[in-house]
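To keep things clear, I will list the structure first and then write my remarks on it.
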Amino acid sequence: QVQLVESGGGLMLPGGSLRLSCVGSGLTFSWYTMGWFRQAPGKEQEFVAAIDRSGTTTGYAESVKGRFLISRDNAKNTVYLQMNSLKPEDAAVYYCAAEHRPAESLSYRREDYNYWGQGTQVTVSS
């Protein structure tokens, strides 16, 4: 049925850049707000970024604002997370999530999201 598949994770040095992708299937992609969350070992999962259905409005956690960029291509059923100026504290498993919304809006809460990907590991270390 509905699947979200992340890719693009890997090992980067501090200050490096990485682009994550998430491809959706089994859903009308443009009906969903898309978000990225992350979870480091021993820590709670936290919100990273979200983008509304049309891709016109975005929201970011304060910890990544100015460094990360979320975007989407509905024709490709894909949402992206461009991560720049990576810091060791960015290391985590990153999860793509989809939330159905009847209007243009954003969700920042994990409990609001309907579907989740399997996660992709991002390691930032020297």
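Everything numeric here is computed off the predicted structure, so don't read it as measured data.
- The structure places CG of Leu106 at 11.5 Å from CG of Asp112, a figure rounded to the nearest 0.5 Å.
- Listed by first and then second residue, the side-chain hydrogen bond (donor to acceptor under 3.5 Å, both in side chains) pairs that reach into residues 6-35 are Glu6-Gln118, Ser17-Asn84, sequence neighbours excluded.
- In this structure, Tyr108 is a member of the same hydrophobic cluster as Trp116, with clusters built from ILVMFWY side-chain heavy atoms closer than 4.5 Å.
- Considering only heavy atoms from C-beta on, Met12 stays 4.5 Å or farther from Thr123 through its side chain.
- When all heavy atoms of Glu62 and Lys65 are compared, the pair lying nearest together is OE2-NZ, 2.5 Å.
- In plain terms, the two heavy atoms of Ala98 and Leu4 that are nearest each other are N-CD1, 3.8 Å.
- Here the straight-line distance linking atom CE of Met34 with atom CG of Asn74 works out to 9.5 Å at 0.5 Å rounding.
- Counting only distance, with no hydrogens or angles, the side chain of Tyr113 and the backbone of Ser107 share a donor-acceptor pair below 3.5 Å.
- Using a 4.5 Å cut-off between side-chain heavy atoms of Ile, Leu, Val, Met, Phe, Trp and Tyr, with links allowed through other members, Val23 and Phe29 fall into different hydrophobic clusters.
- In terms of heavy atoms, Gly117 sits closest to Tyr95 at O-CD2, 3.7 Å.
- When side chains are defined from C-beta on, Ser126 counts as touching Pro14, because their heavy atoms get closer than 4.5 Å.
- In terms of the salt bridge (Lys or Arg N to Asp or Glu O under 4.0 Å) criterion, Lys87 has no residue partners (sequence neighbours excluded).
- Closest heavy-atom contact between Leu20 and Gly9: CD2-N, 3.6 Å.
- At least one side-chain heavy atom of Arg67 sits under 4.5 Å from a side-chain heavy atom of Asp90.
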Practice task
Check the pair Cys96, Trp36 against side-chain contact (heavy atoms from CB on, under 4.5 Å), reporting the backbone distance first and the verdict last.
Solution key: CA-CA 5 Å; Cys96 172; Trp36 288 95; 3.9 Å; yes
Would you be so kind as to tabulate the donor-acceptor pairs closer than 3.5 Å made by side chains of residues 46-60, with sequence neighbours excluded?
unit_1: Glu46; atom_1: OE2; unit_2: Arg38; atom_2: NE; d: 2.6
unit_1: Glu46; atom_1: OE2; unit_2: Arg38; atom_2: NH2; d: 3.1
unit_1: Asp52; atom_1: OD1; unit_2: Gly55; atom_2: N; d: 2.9
unit_1: Asp52; atom_1: OD1; unit_2: Thr56; atom_2: N; d: 2.9
unit_1: Asp52; atom_1: OD1; unit_2: Thr57; atom_2: N; d: 3.2
unit_1: Asp52; atom_1: OD2; unit_2: Thr56; atom_2: OG1; d: 3.2
unit_1: Asp52; atom_1: OD2; unit_2: Thr57; atom_2: N; d: 3.4
unit_1: Asp52; atom_1: OD2; unit_2: Thr57; atom_2: OG1; d: 3.4
unit_1: Arg53; atom_1: NH1; unit_2: Arg101; atom_2: O; d: 3.4
unit_1: Ser54; atom_1: OG; unit_2: Thr56; atom_2: OG1; d: 3.0
unit_1: Ser54; atom_1: OG; unit_2: Glu104; atom_2: OE2; d: 2.9
unit_1: Tyr60; atom_1: OH; unit_2: Ile70; atom_2: N; d: 2.9

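- Using a 4.5 Å cut-off on side-chain heavy atoms (C-beta onward), Leu18 and Leu86 make contact.
- Side-chain contact between Tyr80 and Asp73 is present, with at least one heavy-atom pair separated by less than 4.5 Å.
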